[in-house]
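Report on the following structure.
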Amino acid sequence: MVTGGPPAAPATGAAVSRPLPRRVGILSDGQHFRGEDGALYTTTPLARQFEQWAALFDEVVVCAPLWPGRPEARHSAYRAPNIRLEPMRPAGGSTLLAKARLAAALPGWIAAIRRMLARVDAVHVRCPNNVSIPGLLLLSRSRHFRQAVYTGNWAGYPGEARTFRWQRLHLRRRFRGPVMVYGRWPGDPSHVVPTFSPVFSDADWEGEAAAVEARVAALRAAPALDAVTMVSVGQLDANKNQRTAVRALALLRARGLGAELHLLGEGERRGALAALAAELGVASAVRFHGQVSHEEVRAHYRRAHFVVQPSYSEGFSKVIVEAQLHGAVPLLSDLPVNREAVGDGARGRCFPPDDAEGVAAHVAALAADPAALAAMVEAGRAYARVHSLEAWREHLRSTLESHWKVGP
């Protein structure tokens with residue numbers, strides 16, 4: 001067993017001379033709850049991903065906020081018995097009061113992070129968020145093996161928080177371990193590694209095969225589609241920009257194509273989006289579902305022809321590959337990570353975030369050519385196949401072994 005890691009990475013090509021550490025800590029701002037059954041809950045994607053760490057290590061200590069109340073539909077219990085929680089006090093927000101509470105919580109955060117560091121041999125830090133800042137600073141003075149993921153836009157964007165920019169620069173220039181990012185960024189140092197964010201298993205992929213094959217056959221037999229279903233998934237906020245999807249829906253219905261839009265998520269823009277739908281005369285065709293369980297999200301993908309994500313900024317979107325898994329075709333804002341997901345247009349289409357006309361044109365063209373839509377469904381399924389939880393776990397294992405110079 002290794003207790004702590006080297007102060008700097010060994011030279012490239014150095015022989016593997018130590019085993020993979022046995023205990024790993026995960027520093028995250030992901031909400032955690034205790035269920036009535038006593039089990040520990042977090043958002044379903046995080047639960048499934050942290051379980052992959054639990055498959056590689058003897059013990060996983062998650063240092064994250066423990067919230068009062070009970071878990072919601074979007075949360076799932078950990079299924080791995082070797083995951084423990086080092087709880088932190090929830091704090092954060094943009095108001096002055098929220099910032100004062102954050103400052104008051106900081107000493108407790110530091111104490112919790114130190115307790116986690118004392119229990120583990122290696123640390124995984126999820127950035128960017130508030131709790132990762134003291135974590136990165138404390139880790140820089142330790143000898144632990146370390147790995148990080150940056151789940152936001154690695155290129156930065158207008159209006160980006162200064163704390164996010166600092167975390168990107170720290171990870172790029174000073175972090176002594178592999179940093180996983182979404183997309184490929186030529187010119188970055190060798191410790192910056194492209195990755196993806198999975199949420200489904202190989203068994204999930206296999207389980208959808210028959211339904212998707214039936215969908216493809218039906219599309220190929222259809223001369224044209226006279227109605228389509230679109231879904232958009234995510235918080236209803238300015239960045240997710242669902243108003244473009246609402247405007248595109250209005251354009252499609254004005255052209256005589258039956259179309260409906262399902263919005264999965266909750267947020268501050270719900271009222272404004274409902275008002276926009278009413279103003280455009282499509283209120284009855286825009287359905288607000290609020291926060292729903294992961295299984296309900298999957299049920300919507302099975303019924304949808306398209307998943308429309310007009311975000312201004314995005315990391316790797318789990319929505320995209322899971323929609324492809326179920327046979328829905330992604331229509332995405334034109335961002336580097338999204339271009340990779342649609343390839344050369346064989347798996348979906350990209351558009352400028354505010355281009356509702358472009359979205360409507362893509363939908364109308366594919367509704368008129370169901371055979372082309374079927375080919376996109378098949379290409380998307382092939383792309384999703386290599387983005388499973390199991391594939392990600394092996395990618396994670398090989399990255400850690402290569403950069404830490406450890407082995408089984």
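As the structure is a prediction and not an experimental result, all values here were calculated from the model.
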Does this structure show an ion pair linking Glu357 with Arg247, if we count only N-O contacts that are shorter than 4.0 Å? no
Mutual orientation of the aromatic rings belonging to His395 and Phe196 [parallel < 30°, tilted 30-60°, perpendicular > 60°]: parallel
Classify the side-chain pair Asn239/Ser313 by whether it contains a donor and acceptor separated by less than 3.5 Å. no
Test side chain to side chain donor-acceptor pair (under 3.5 Å) on His262 and Glu260; report intermediate values, then the result. CA-CA 7 Å; His262 296 263; Glu260 60 183 25; 3.0 Å; yes
For Asp355 and Pro352, indicate whether the former's side chain and the latter's backbone hold a donor-acceptor pair under 3.5 Å. no
For this output row, return yes or no: ring centroids of His124 and Trp53 closer than 6.0 angstrom. yes
Assess the pair His300 and His289: is the distance between their ring centroids shorter than 6.0 Å? yes
Glu86 and Arg115 ion-paired at < 4.0 Å: yes
Thr229 backbone acceptor or donor facing His305 side chain under 3.5 Å: yes
How long is the span from the SG atom in Cys63 to the CG atom in Leu85, to the nearest 0.5 Å? 8.0 Å
Checking His144 side chain against Leu117 main chain: does a donor-acceptor pair fall under 3.5 Å? yes
Chi angles and distances behind the side-chain contact (heavy atoms from CB on, under 4.5 Å) call for Ser28, Phe50: CA-CA 11 Å; Ser28 168; Phe50 289 1; 4.1 Å; yes
Under a plain distance cut-off of 3.5 Å, with no hydrogens placed, do Ser197 and Gln49 share a side-chain donor-acceptor pair? yes
Classify the angle between the aromatic ring planes of His170 and Phe175 as parallel (below 30°), tilted (30 to 60°) or perpendicular (above 60°). perpendicular
Whether Arg393 and Glu390 form a salt bridge (side-chain N of Lys/Arg under 4.0 Å from carboxylate O of Asp/Glu) is what I want to check. no
Run the salt-bridge test on Glu51 and Arg79 with the 4.0 Å N-O cut-off and return the result as yes or no. yes
Using modelled atom types only, decide if a donor and an acceptor are shared between the side chain of Arg347 and the backbone of Ala341 within a distance under 3.5 Å. yes
Does a donor on one side chain and an acceptor on the other come within less than 3.5 Å for Glu296 and Ser293? yes
Does NZ or CZ of Arg172 come closer than 6.0 Å to the centre of the six-membered ring of Trp154, within 45° of the ring's axis? yes
Side chain Ser140, main chain Leu137, donor-acceptor under 3.5 Å: yes
Go through the side-chain N and O atoms of Glu322 and His294 and say whether any donor and acceptor fall under 3.5 Å apart. yes
Under 3.5 Å, is there a donor-acceptor pair linking the side chains of Ser333 and Gln309? no
Less than 6.0 angstrom separating the ring centers of His75 and Phe33, yes or no? yes
Would Asp354 and Tyr312 count as having a side-chain donor-acceptor pair, cut-off 3.5 Å? yes
Value for CG (Leu276) from CG (Leu280), rounded to nearest 0.5 Å, stands at 4.5 Å
Can a donor-acceptor pair be found, under 3.5 Å and without considering hydrogens, that links the side chain of Arg215 to the backbone of Gly327? yes
Between Gln31 and Arg74, does any side-chain donor sit less than 3.5 Å from a side-chain acceptor? yes
Do we see a donor-acceptor contact under 3.5 Å between the side chains of Asn82 and Tyr78? no
Point-to-point distance, once rounded to the nearest 0.5 Å, from OG of Ser142 to CZ of Arg176: 7.0 Å
Check this for me, if you would: do Arg381 and Glu378 make a salt bridge, where the nitrogen-to-carboxylate-oxygen distance has to be below 4.0 angstrom? no
Considering only NZ, NE, NH1 and NH2 on the basic side and carboxylate oxygens on the acidic side, decide whether Asp121 and Arg23 come within less than 4.0 Å. yes
Angle between ring planes, Tyr383 versus His387, binned at 30° and 60°: parallel, tilted or perpendicular? tilted
